[in-house]
Number of protein chains: 2
Amino acid sequence: MRSALRSAADTPAENTESLSANVVHRLEVEILKGQRRPGDRLDERQLAEQFGVSRTPVREALQRLAASGLVVSRGRQGLQVAQLSLADLLDAFSVAAELEALASAQAARRIRSEQRSRLEAAHEACSAAAKGRDVDAFYEANFEFHETISAASHNRILHDELRRLTVKISPYRRTITYQPGRMDSSIPEHGQVMDAIFRGDGAAASQVMRAHVTLLGEGLSDLLHFLRMSGDENIIAELI
Amino acid sequence: MRSALRSAADTPAENTESLSANVVHRLEVEILKGQRRPGDRLDERQLAEQFGVSRTPVREALQRLAASGLVVSRGRQGLQVAQLSLADLLDAFSVAAELEALASAQAARRIRSEQRSRLEAAHEACSAAAKGRDVDAFYEANFEFHETISAASHNRILHDELRRLTVKISPYRRTITYQPGRMDSSIPEHGQVMDAIFRGDGAAASQVMRAHVTLLGEGLSDLLHFLRMSGDENIIAELI
DNA sequence: ATACGCCAAATTGCATGCCAGTCTTATCTC
DNA sequence: GAGATAAGACTGGCATGCAATTTGGCGTAT
């Protein structure tokens, strides 16, 4: 499968773009893949050394990520990967639910044939990963599924906003994927969304997608509640 | 009235924040107020001279604005204020409609008393400006009205996204305000939204707000269609 | 007269150096 | 022995200088 996630990670040295754009891209991928976790501190000099550039492009990249909300500035104490509170996280899911619902509705009207095949492929990859209990594969295929719908909306503004938001909550989304049963219940939900899009029923696509993403948020809420009841607060800070 | 727009413009030298944050803020205001129009080129040295800083903070500010989508990079040819196509603009309004609808629904459940007064004040300022045919005053009061609802949602993620989107389409929104009758029809729509929020009816608030913003987009569409029919394409490029 | 090519000026991208504020540690005093 | 204070190292913020690329103009040739 040619996933956007994987393809991004496979190109550590894109010579075409500027150095700062390169750093933005690579940092996004690192955060998306969970290699840098919320709360991690981002040291300019360390990053400059890691990416083999000077501090200037690193600083510019961090500014861009800060504007996206992916990293937060702590004044003179440097920057760190954004750490969402539980309330923020649930709010983020409510926003994501609306935006993905809108994307589904517009995709139902605007999707092109090549994106149909891409969506079908992503859906099948999700099914296969769920059957094989391969969480990482499912995570990537799921990303591809949602990304395809976002692109199929042919709404550049929406696509940009959704991408920003997706990256921001991706570290947390990953932990949801690990919840038992979550993968299996996603499959029929994805199927319903895809069917509605394919038959051009924007209202249905929007409704099912909104429910799907809202369920994800509730799943997260349940998980946190469970962990909190188990008494170990540190697990929460560790997982999310 | 204490408008966010006016207060921002009245503080040309905020000494508390960093220089780059300062430049971000002042550039946003200039774009928001229409002093810099879509397509305008942004020269690093000129900006550095204007704001009395070196190029570095200016560059960092531009990076942040680029990440927000407010300005676009054209490679070695510098940056310019983002110029939305007609399709982009209509898409942006569809996104804004959904986000403002969500904000209204959540505000209906979460609004606090001080924001109630702020919302009432903004609504009355809108009415007064509409009666007095004061377009600029209406523009600011309208901004305040929507901003208050966004803040009253107490959804930080939503507030951020909405703010970004609002700034992006604000130059175009201003031209809509100048449409005859647009101010007058906004008043009862605002009133319905406010009433629904005050009685805690999130579903109604959301529905009315979605219709309100969608109407704005359609008003823009009508305006453009009219201008196109009049044969002068340049007016379109000039206005939007 | 027009078109093609080359040179110069300007502008962006990146690196480096210096400064200011913050955190840490060690020493001194109570 | 413990706490407070001061000094030093560290880190982010900004300015400036250099390299690379684009653009505009001018000259020449067709």
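Throughout, a chain's letter reflects where its sequence line sits, starting with A, and its residues are numbered from 1. Basis for what follows: all heavy atoms, side chains included, without hydrogens, waters or symmetry-related copies. What you see is a predicted model; the values in this text were computed from it and never measured.
Nearest nucleotide to the A/Ser54 side chain, out of D/dA15, C/dC14, D/dG12: C/dC14. Relative to the side chain of B/Glu60, the nucleotides D/dA15, D/dG17, D/dC14 differ in distance, and D/dC14 lies closest. Minimum atom distance to the side chain of A/Arg45 is reached by C/dC18, of the listed D/dC14, C/dC18, C/dT16.
One can find a donor-acceptor pair under 3.5 Å joining the base of C/dG13 and the side-chain atoms of B/Arg55.
Among the heavy atoms of the strands, none lies under 4.0 Å from A/Leu79. Among the protein residues, A/Leu42 comes within range of the sugar-phosphate backbone only, with heavy atoms under 4.0 Å from sugar or phosphate atoms but none that close to a base.
Between the side chain of A/Ser68 and the backbone N or O of A/Leu70 there is no donor-acceptor pair closer than 3.5 Å. Remark: the backbone N or O of A/Gln80 is not paired with any side-chain donor or acceptor of A/Arg41 at under 3.5 angstrom.
Going from atom CG of B/Leu19 over to atom C1' of C/dA20 covers 12 Å, rounded to whole Å. Rounding to whole angstrom units, CD of residue B/Glu44 and P of D/dA15 are separated by 13 Å. A/Arg41 places its CZ atom 13 Å from the P atom of D/dC10, with the value rounded to the nearest Å. Here the C1' atom of nucleotide C/dT11 and the CZ atom of B/Arg59 are 10 Å apart, to the nearest Å. A/Leu62 has its CG atom 13 Å from the C1' atom of D/dG13, to the nearest Å. Atom CD in A/Gln63 sits about 9 Å away from atom P in D/dC14, given to the nearest Å. Atoms CZ (B/Phe51) and P (D/dC14) sit 14 Å apart, rounded to a whole Å. To the nearest angstrom, P of C/dT11 lies 11 Å from CD of B/Glu49.
For C/dT11, neither phosphate oxygen OP1 nor OP2 lies less than 4.0 angstrom from any side-chain nitrogen or oxygen of B/Gln77.
Contact check on A/Asp160 versus B/Lys168 returns no salt bridge, with no Lys/Arg side-chain nitrogen under 4.0 Å from an Asp/Glu carboxylate oxygen. Between B/Glu144 and B/Arg118, at least one side-chain nitrogen of the basic residue sits less than 4.0 Å from a carboxylate oxygen of the acidic one, meeting the salt-bridge criterion.
Applying the side chain to side chain donor-acceptor pair (under 3.5 Å) test between B/Glu28 and each of B/Arg163, B/Lys33, B/Arg36 identifies B/Arg163 as the sole match.
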